[in-house]
Amino acid sequence: MSGKEFYAWLMKSEPSEVSVDDVLGMPEQTVGWFGVRNYQARNFMRDKCSTGDPVLFYHSSCKEPGIVGIGQIASDPYPDPTQFEINSVYFDPRSSEVKPRWVQVDVKVLYKVERISLQDLREIPECEGMQVLKKGNRLSITPVTEEQWDALKPHLHRLTD
DNA sequence: GCCAACGTTGGC
DNA sequence: GCCAACGTTGGC
């Protein structure tokens with residue numbers, strides 16, 4: 001009853017675009033979470049994410065979807081640069097540098113874990129209420145409560161690379 | 001590649 | 001401001 005509603009974040013990435021290994025190869029093992037073009041997900045980044053919040057790094061739209069890494073929010077929100085890049089698929093002509101529409105935060109990957117598949121996740125009773133498990137869920141960023149995180153902990157098996 | 005679900009768009 | 005059409009997401 002005491003757990004925080006926005007304790008942690010589940011952040012989806014398509015591994016063909018940015019995989020957990022890609023991020024581990026980046027400077028500071030950190031990536032700007034570019035390309036979010038959904039207002040609800042944007043508002044989470046803009047209003048609710050804080051530096052240091054735990055992150056579940058999730059691979060989606062792939063053969064083996066699931067949680068593959070643990071990280072943390074590593075910056076305040078700032079304008080997503082891809083919205084201004086005319087050749088980017090994320091270009092938004094309705095946005096402007098003066099009044100940016102889309103923001104991102106930096107995400108740092110701390111370590112990889114043995115993949116927790118969607119199926120595994122559904123079998124953890126305390127995780128039943130997780131937004132990512134809800135039917136028709138399409139949000140790329142969803143909050144994870146403190147209770148859900150605690151329930152997940154015993155299932156997180158750190159990999160050593 | 002299918003298709004259910006849901007967000008966005010735009011005509012009225 | 002309604003709502004049908006359309007586009008996108010993402011597991012399967």
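- Applying the ring pair (Phe, Tyr, Trp, His ring centres under 6.0 Å) test to every pair with at least one member in residues 20-41 of chain A, sequence neighbours left out, gives these pairs: Trp33(A)-Phe57(A), Phe34(A)-Tyr90(A), Tyr39(A)-Trp102(A).
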* To do: Starting from the C-alpha separation in whole Å, work towards a yes-or-no answer on salt bridge (Lys or Arg N to Asp or Glu O under 4.0 Å) for Arg101(A) and Asp80(A).
  => CA-CA 9 Å; Arg101(A) 180 177 299 225; Asp80(A) 176 344; over 6 Å; no
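- Side-chain contact between Thr30(A) and Val107(A): absent, with no pair of heavy atoms (C-beta onward) separated by less than 4.5 Å.
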* To do: List the protein contact pattern of nucleotides 3-12 of chain C with one symbol per nucleotide (5' to 3'): B for base contact, S for sugar-phosphate-only contact, - for none; contact means a heavy-atom distance under 4.0 Å.
  => ----BBSBSS
In residues 136-145 of chain A, what donor-acceptor pairs under 3.5 Å come from side-chain atoms, sequence neighbours left out?
| from | atom 1 | to | atom 2 | distance (Å) |
| --- | --- | --- | --- | --- |
| Asn137(A) | OD1 | Leu139(A) | N | 3.3 |
| Thr145(A) | OG1 | Gln148(A) | N | 3.1 |
| Thr145(A) | OG1 | Gln148(A) | OE1 | 3.3 |

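- Here Ser75(A) pairs with nothing under the side-chain hydrogen bond (donor to acceptor under 3.5 Å, both in side chains) rule; sequence neighbours left out.
- Judged as a side chain to side chain donor-acceptor pair (under 3.5 Å), the pairs with a partner in residues 43-72 of chain A (not counting sequence neighbours) are, in order, Trp9(A)-Asp53(A), Asn43(A)-Arg46(A).
- Under 3.5 Å, the side chains of Asp106(A) and Tyr78(A) contain a donor-acceptor pair of N or O atoms.
- Of all the residues in residues 80-94 of chain A, Arg94(A) reach under 4.0 Å from DNA chain B with at least one non-hydrogen atom.
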